Amino acid sequence: MVNADELIASMDESGVDASVTFGFPWVDQQLNRETNDYVVEAVSRWPDRIFGFAQLNPAATGALPELERCMQKGLSGLGELMPHGQGYRWDDPRLHDLLQQMAHWQRPVLIHCGEPVGHSYPGKSQCTLQPLYQLALRNPQLTLVAAHWGGGLFFYELMPEVRETLRNVYYDTAASPLLYQDDIFPLAERIIPQKMLFATDYPLISQGPFLRRVRRSGLSADGLDSILHGNAARLLQIEGAPNHGTDSSLCGHRT
């Protein structure tokens, strides 16, 4: 893990204008609350550079009041949610209540996703294609961000009925170099150009080297602007967001 000062230093070194950051999805709600307090403080110190997401356990007592507290203090979304690590299910009514509130506030929710095939590794999510699709189907007004390319779900947006169900689902690139060839970037541009979000999973993966890979991946100029700036600014409702050749990025940072 890193602290906020280390994150800002990495952003300066790598040429990143803004980042989204959040803590781990702890089971212990008190740990989540302490993490949220730290993220709120970081956002207050760097309001134009750090955008924080709230972290909580939907199965814990007081989850909704904690979510409301975090939104009132200026956090921008909820997540990263990880049911298999916190002891609840995607169809848990307690989670549904939180998601409905986020939809009402028009704030995004980040979901930890995994691939239904390939090698096993620590932290590989059990939220693969079907659970994620059902989550979007049950919450049509909710804006979701599916981490790690949604476990490959975006490929199925070539099916018109799936594209309609997933109309409010974005996909981030966190940990992509550990999972996919860089050909995934121009391929994703063909399918979901307005829903790609640059994310690193920093400090697991450094920002600078990953950015260089994305720039060399074969994306068009419009595709680069979308994945590194435009899509994230639109998702976070940032009006007049700067774009000085650097990147407003939705990065899964652990602070």
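A quick note: this is a predicted structure, and the numbers were derived from the prediction, not measured.
- In the hydrophobic cluster analysis, where Ile, Leu, Val, Met, Phe, Trp and Tyr join through side-chain heavy atoms closer than 4.5 angstrom, Val27 is grouped apart from Leu110.
- Pairing each heavy atom of Phe51 with each of Ala18, the nearest pair is CE1-CB, 3.9 Å.
- A 4.5 Å side-chain heavy-atom check between Thr143 and Met102 finds every atom pair outside the cut-off.
- Counting only heavy atoms from C-beta outward, the side chains of Leu56 and Leu78 approach each other to under 4.5 Å.
- A salt bridge is absent between Asp28 and Arg33; no separation between the charged side-chain nitrogens and carboxylate oxygens falls under 4.0 Å.
- Heavy-atom contacts from other residues, nucleotides or ligands closer than 6.0 Å to OH of Tyr133 number more than 12.
- How far CG of Leu153 is from CG of Leu132: 5.0 Å, rounded to the nearest 0.5 Å.
- In this structure, the side chain of Tyr38 engages the main chain of Ala4 through a donor-acceptor pair within 3.5 Å.
- At distances below 3.5 Å, at least one donor-acceptor pair connects side-chain atoms of Arg234 with backbone N or O atoms of Gln194.
- Residues Trp90 and Pro83 come closest through the heavy atom pair CZ2-CD, 3.1 Å.
- Ser176 is not listed as a side-chain neighbour of His148, based on a closest heavy-atom distance of 4.5 Å or more.
- No donor-acceptor distance shorter than 3.5 angstrom exists from the side chain of Asp92 to the backbone of Tyr88, with no hydrogens or angles considered.
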Task: Evaluation steps, side chain to side chain contact (heavy atoms under 4.5 Å, CB included), between Leu98 and Leu64 - done: CA-CA 6 Å; Leu98 297 178; Leu64 184 56; 3.8 Å; yes
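- In this structure, CG on Asp225 lies 11.0 Å from CG on Leu219, to the nearest 0.5 angstrom.
- With hydrogens and angles ignored, the 3.5 Å screen pairs no side-chain donor or acceptor of Thr165 with any backbone N or O of Leu137.
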- [ ] Could you go through the side chain to side chain contact (heavy atoms under 4.5 Å, CB included) check for Phe154 and Leu166 one step at a time?
- [x] CA-CA 9 Å; Phe154 77 88; Leu166 303 179; over 6 Å; no
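- Within the 3.5 Å criterion, the main-chain N or O of Glu6 finds a donor-acceptor partner in the side chain of Asn3.
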TODO: Let me see the working for Asp48 and Asp17 under side chain to side chain contact (heavy atoms under 4.5 Å, CB included), right down to the final yes or no.
DONE: CA-CA 8 Å; Asp48 297 325; Asp17 286 327; over 6 Å; no
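- Every residue two or more places apart in sequence or in another chain was checked for a side-chain hydrogen bond (donor to acceptor under 3.5 Å, both in side chains) with Arg212, and none qualifies.
- Within the structure, every pair that satisfies the salt bridge (charged side-chain N to carboxylate O under 4.0 Å, His left out) test and touches residues 181-195, not counting sequence neighbours, is listed here: Glu157-Lys195, Asp182-Arg213.
- If you check the side chains of Glu66 and Asn32, you find no donor sitting under 3.5 Å from an acceptor.
- Within the 3.5 Å criterion, the main-chain N or O of Val16 finds a donor-acceptor partner in the side chain of Arg49.
- Put simply, OG on Ser217 and CG on Leu224 are 6.5 Å apart, with the number rounded to the nearest 0.5 Å.
- Residues Asn168 and Leu142 share a closest heavy-atom pair of CB-O, 3.3 Å.
- Contact detail for Ser76 and Pro108: the closest heavy-atom pair is O-CD, 3.3 Å.
- Leu204 and Leu7 fall within the same hydrophobic cluster, defined by Ile, Leu, Val, Met, Phe, Trp and Tyr side-chain heavy atoms under 4.5 Å apart, directly or through other members.
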Task: side chain to side chain donor-acceptor pair (under 3.5 Å) between His112 and His84, worked out - done: CA-CA 10 Å; His112 183 60; His84 69 278; 5.1 Å; no
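- Within the 3.5 Å criterion, the main-chain N or O of Leu211 finds no donor-acceptor partner in the side chain of Arg216.
- To the nearest 0.5 Å, the span separating CZ on Arg69 from CG on Asn36 amounts to 6.0 Å.
- Heavy-atom contacts from other residues, nucleotides or ligands closer than 6.0 Å to CZ of Arg138 number more than 12.
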- [ ] Show your reasoning for whether side chain to side chain contact (heavy atoms under 4.5 Å, CB included) applies to Leu236 and Val20.
- [x] CA-CA 10 Å; Leu236 297 173; Val20 167; 3.8 Å; yes
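- In this structure, the separation between NE2 on His96 and CZ on Arg89 is 15.5 Å, given to the nearest 0.5 Å.
- Side-chain contact of Asp97 with Gln100: a donor-acceptor pair under 3.5 Å is absent, judged by distance alone.
- Glu13 has its side chain out of reach of Ile8: every pair of non-hydrogen atoms, C-beta onward, lies at least 4.5 Å apart.
- When the shell of 6.0 Å around CD of Gln30 is examined, it contains more than 12 heavy atoms from other residues, nucleotides or ligands.
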TODO: Take Gln207 and Thr200 through the test side chain to side chain donor-acceptor pair (under 3.5 Å) and record every step on the way to the result.
DONE: CA-CA 6 Å; Gln207 297 167 311; Thr200 60; 5.2 Å; no
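- Residue-environment remark: CD (Gln134) exceeds the threshold of 12 foreign heavy atoms within 6.0 Å.
- Using a 4.5 Å heavy-atom threshold, the side chains of Phe53 and Val39 count as separate.
- The side-chain heavy atoms of Phe24 and Met1, taken from C-beta on, include a pair separated by under 4.5 Å.
- Distance check: Leu31 CG to Thr35 OG1 gives 6.5 Å after rounding to the nearest 0.5 Å.
- Annotation: Phe185 is in aromatic contact with Trp149 [ring centroid separation under 6.0 Å].
- A 4.5 Å side-chain heavy-atom check between Phe198 and Asp172 finds every atom pair outside the cut-off.
- Taking each heavy atom of Asn57 and Gln86 in turn, the nearest pair found is ND2-O, 3.5 Å.
- A donor-acceptor pair under 3.5 Å is formed between the side chain of Ser226 and the backbone N or O of Asp222.
- A donor-acceptor pair under 3.5 Å is absent between the side-chain atoms of Glu80 and the main chain of Pro25, judged by distance alone.
- Of the possible polar contacts, one joining the Arg163 side chain to the Ile191 backbone as a donor-acceptor pair under 3.5 Å is found.
- Smallest separation of non-hydrogen atoms from Ala175 and Asp201: CB-OD2, 3.9 Å.
- At a threshold of 4.5 Å between non-hydrogen side-chain atoms, the residues Phe155 and Leu129 do not count as touching.
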